[in-house]
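Some notes on the structure that comes next.
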There are 2 protein chains.
Amino acid sequence: MSATTGTGATRRALGFGLRATAKVLPEHTRAHNRAMVLQHLFHAGPTSRADLARATSLTRVTISDLVSVLIAEGLVEELGVQRGGGVGKPAMLVGMRTHAFQIVAVDLSDDTVMRGAVLTLTGEAVERRCLEVDDRTGDELVDLVEEFTRGLLDAATQPVVGVGIGSPGVIDVDGRVLEAPNRRWTDLPLAALLSERLDLPVHVANDADVAALGEYTFGGAEGSMLLVAVGQGVGAGVMVDGARVHGVRHAAGELGHVTVADDGLPCACGRRGCLETLLSAPALRRAVAGLDTEAADVALAAVGRTLGVTLAPVVSALNLGEVLLSGPADLLDGALREAAEAAVVERTMPAVHTGLRVRMATLDEDVVLSGAAVLVLAAQLGIS
Amino acid sequence: MSATTGTGATRRALGFGLRATAKVLPEHTRAHNRAMVLQHLFHAGPTSRADLARATSLTRVTISDLVSVLIAEGLVEELGVQRGGGVGKPAMLVGMRTHAFQIVAVDLSDDTVMRGAVLTLTGEAVERRCLEVDDRTGDELVDLVEEFTRGLLDAATQPVVGVGIGSPGVIDVDGRVLEAPNRRWTDLPLAALLSERLDLPVHVANDADVAALGEYTFGGAEGSMLLVAVGQGVGAGVMVDGARVHGVRHAAGELGHVTVADDGLPCACGRRGCLETLLSAPALRRAVAGLDTEAADVALAAVGRTLGVTLAPVVSALNLGEVLLSGPADLLDGALREAAEAAVVERTMPAVHTGLRVRMATLDEDVVLSGAAVLVLAAQLGIS
DNA sequence: CGACCTTGGTTAAGCCGCTTTACTAACAAA
DNA sequence: TTTGTTAGTAAAGCGGCTTAACCAAGGTCG
């Protein structure tokens with residue numbers, strides 16, 4: 001027989017044992033290669049057509065064609081010839097028009113205030129807004145999000161590619177909020193709803209997942225990484241081999257309610273000793289309240305160690321390259337982080353922990369907004 | 001701008017922040033759709049062209065063309081008309097010729113004896129062989145594997161699609177053994193070497209990873225799952241959203257040397273309290289030696305609980321659907337398994353553990369052989 | 001200085017792979 | 001027997017990439 005090589009088809013588990021793959025058409029080829037070009041321009045900056053061809057291993061002909069379409073769409077522009085090259089005809093640089101389009105991003109991770117921004121395609125904030133939530137929940141909260149988003153859309157000075165939203169809760173790939181107790185959202189198709197009302201592509205995902213995505217694309221994080229987002233609670237976003245992990249019930253990353261202390265404090269979830277009872281902004285502030293620096297560091301290190309102990313099996317199972325901490329730096333970036341790193345290193349084998357870093361996220365308060373932007377970039381342009 | 005939708009391009013992290021995607025050509029479209037057809041025939045059995053078209057959402061024309069090629073290659077055959085249908089022309093069933101090709105699989109997970117088999121495409125063993133290793137290591141062991149494989153190839157009664165090997169150690173995607181201390185293999189391109197010598201496609205992967213793959217394809221396991229392989233040590237294979245997890249340094253699944261006891265027994269790795277000091281066939285046998293059934297169950301339950309405590313964060317981070325245990329059933333399938341399941345459930349939130357099962361692997365001693373076969377099926381035919 | 005070389009980019013022709021449309025084949029129901 | 005329904009094939013067309021051949025615009029070198 002001929003040793004024909006099949007593709008590594010993207011698979012998805014469907015119920016019991018049935019695997020579905022989607023058909024691929026010639027135009028998907030185009031979409032893929034187009035995304036590859038945009039991806040390159042996005043990360044490497046202005047590039048000549050010839051260099052694009054070399055980078056993608058497509059031919060100059062195909063690249064030229066592709067670029068001409070992108071120029072016609074306004075996504076790309078010619079930037080003049082590259083001076084000072086060697087022999088041969090000097091190259092014409094083409095680059096993404098990163099400021100000619102904008103993205104609206106909304107961060108719902110805080111219970112009390114929603115934050116939003118108008119961003120360029122490179123994630124620079126052009127306009128920021130905040131809005132008190134005033135204990136609104138359920139449909140009322142949806143209306144408020146819509147209104148808030150409309151305001152941001154009005155503030156946009158360029159065509160908007162789409163809206164990205166990071167929200168707490170369990171959210172499926174289509175942006176349906178399956179469960180977000182604090183918001184009183186259950187099985188709410190938030191993305192579809194807003195997309196309909198705003199007549200724009202809207203993408204919704206879990207805030208911690210989105211934060212991980214943001215760090216991956218804008219923060220330079222590795223493709224196998226876990227981000228621990230510390231706020232009113234704890235969540236995590238996980239990326240494996242460059243792809244977001246969703247899990248069987250879309251609940252991947254729900255680390256806040258793993259038991260970490262056998263006779264720990266009671267938790268809001270009804271059980272005892274959850275990670276969240278120790279590691280959350282309020283819990284940490286309580287833990288260090290009234291202590292001098294030294295004593296506070298001891299307390300923080302204890303929490304850090306617990307985090308490290310909890311993450312060691314995860315790091316081993318996935319052979320992660322990085323663990324990022326996101327949240328209040330005064331609490332996390334110090335004794336806590338160091339103790340967590342030490343514990344992970346101490347409790348894993350060298351093959352797993354060599355090269356591993358436990359570090360702070362680089363995007364600070366904008367992680368979720370940036371990540372929400374990546375959600376849009378990835379879905380609309382294939383960039384991440 | 002036009003709201004063009006990009007593809008979810010397959011990405012891979014390359015060093016720091018650089019992402020590479022491979023170009024896609026029209027013929028990749030073909031390969032993908034071809035794999036999809038084979039995949040369907042493999043899992044659903046004989047199917048008419050018209051049903052294949054409906055299942056894949058390709059047109060009957062394309063399916064007919066694809067099938068005719070597969071028939072010409074000998075991979076597929078017509079099986080006569082489907083009797084007793086409703087109105088209309090009765091359909092001609094086509095099916096994979098699962099017995100017209102064979103796969104050679106080798107299991108190197110045991111230190112002392114290598115096991116191998118000639119399998120049909122559905123994983124049925126046609127011939128089994130064993131060979132004492134006699135403390136051979138390094139190049140000598142490679143030669144022995146080659147000789148052993150040659151024997152199996154000679155025993156094959158049908159054309160062989162390829163050779164699959166499951167081996168302990170850290171192994172990269174190209175089948176290069178980066179590190180396998182007990183075999184004295186370091187940075188050994190085993191797959192390339194054997195492929196060259198045997199003039200056949202050879203695929204090599206970690207034994208636990210391969211076991212997970214086997215359970216996924218032949219054992220009906222879910223797409224987000226972790227398999228704990230207990231033998232002379234402990235390893236794990238992880239699948240997330242239907243794809244194998246490799247990790248940054250190809251060391252994903254190395255759970256044996258996670259610390260689980262703060263002042264535990266000394267481990268061969270030089271540290272103390274590794275999971276492997278409690279959970280391995282020898283360690284378990286020692287633990288229950290001389291105990292009556294009840295006392296043995298208490299001892300096994302203690303280990304099971306430790307395993308559950310270790311896995312709880314992993315299950316939460318990935319929202320796994322299943323955890324499988326593979327190894328000696330007399331030790332694992334009972335108090336140990338139940339305690340592990342109880343601990344995972346007890347220590348994770350409902351959204352994570354509802355629907356989760358901790359169960360025994362179904363393929364018993366053949367897991368690694370079956371998995372090695374899947375390695376070949378996936379690489380050569382796109383089936384998994 | 002002009003011929004030649006090198007590199008960037010475009011045009012034309014061709015192949016591959018899918019779709020739509022239109023056809024034939026084979027059966028059940030009326 | 002006619003009609004309707006479903007399976008499968010044939011022909012034409014379109015999208016998307018490649019190769020081959022070309023022009024453009026600069027260096028290098030005799």
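Computed from a prediction, not measured in an experiment: that's the story for all the values here. So that the names make sense, note that chain A is the first sequence line, chain B the second, and so on, each numbered from 1. All values below come from the heavy atoms of this structure, side chains included, with hydrogens, waters and symmetry mates left out.
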Please figure out whether A/Gly86 or B/Glu78 has its closest DNA chain D nucleotide nearer the 5' end.
B/Glu78
Test item: A/Asp241 side-chain N/O and B/His246 main-chain N/O as donor-acceptor pair under 3.5 Å
yes
Under 3.5 Å: donor-acceptor pair, side chain of B/Ser68, backbone of B/Asp65:
yes
Here the residues of residues 55-63 of chain A within 4.0 Å heavy-atom distance, strictly under, of DNA chain C are A/Arg60, A/Val61
With a 4.0 Å cutoff (strictly under), does any side-chain N or O of A/Ser64 reach OP1 or OP2 of C/dG9?
no
Among C/dT7, D/dT5, C/dG9, which nucleotide sits nearest the side chain of A/Val87?
C/dT7
From CZ of A/Arg30 over to C1' of D/dG16, roughly how many Å is that when rounded to an integer?
7 Å
Can you check the A/Arg34 CZ to D/dG16 C1' distance for me, whole Å?
15 Å
Can B/Glu27 and B/Arg34 be counted as an ion pair, charged N to O under 4.0 angstrom?
no
From the list D/dG16, C/dG9, C/dC27, which nucleotide is the closest neighbour of the side chain of A/Glu27?
D/dG16
Whole-Å distance separating the CG atom of B/Asp65 from the C1' atom of D/dA7:
16 Å
Take A/Thr122 and A/Glu124 through the side-chain hydrogen bond (donor to acceptor under 3.5 Å, both in side chains) test and state the conclusion after the steps.
CA-CA 6 Å; A/Thr122 48; A/Glu124 296 164 44; 3.1 Å; yes
Nucleotide D/dG16, atom P - distance to CE of A/Met36 in whole Å
14 Å
Student check: side-chain heavy atoms of A/Arg60 and A/Arg49 closer than 4.5 Å:
no
Judged by nearest nucleotide, the residue sitting upstream toward the 5' end of DNA chain C, A/Leu25 or A/Met92, is A/Met92
Taking only side-chain N and O atoms of A/Lys23, does any of them lie within less than 4.0 angstrom of OP1 or OP2 on C/dG17?
no
B/Thr29, nearest nucleotide to its side chain (from C/dT6, C/dC18, C/dC27):
C/dC18
Take atom NZ of B/Lys89 and atom P of D/dA7, then tell me their distance rounded to the nearest Å.
10 Å
Round to the nearest Å and state the distance from A/Leu66 atom CG to D/dT18 atom C1'.
14 Å
Looking at D/dG16, I'd like to know if its phosphate oxygens (OP1 or OP2) sit under 4.0 Å from a side-chain N or O belonging to A/Asn33.
no
In whole angstroms, how far is the C1' atom of C/dT6 from the CZ atom of A/Arg54?
12 Å
Side-chain donor/acceptor of B/His32 to backbone N/O of A/Ala22, under 3.5 Å:
yes
Rounded distance (Å) that lies between atom C1' of C/dG9 and atom CD of A/Gln82
14 Å
Just list the side-chain donor-acceptor pairs under 3.5 Å for residues 95-102 of chain A, sequence neighbours left out, or say none.
{"unit_1": "A/Arg97", "atom_1": "NH1", "unit_2": "A/Gly74", "atom_2": "O", "d": "2.9"}
{"unit_1": "A/Gln102", "atom_1": "OE1", "unit_2": "A/Thr157", "atom_2": "N", "d": "2.8"}
{"unit_1": "A/Gln102", "atom_1": "OE1", "unit_2": "A/Gln158", "atom_2": "N", "d": "3.1"}
{"unit_1": "A/Gln102", "atom_1": "NE2", "unit_2": "A/Thr157", "atom_2": "OG1", "d": "2.9"}

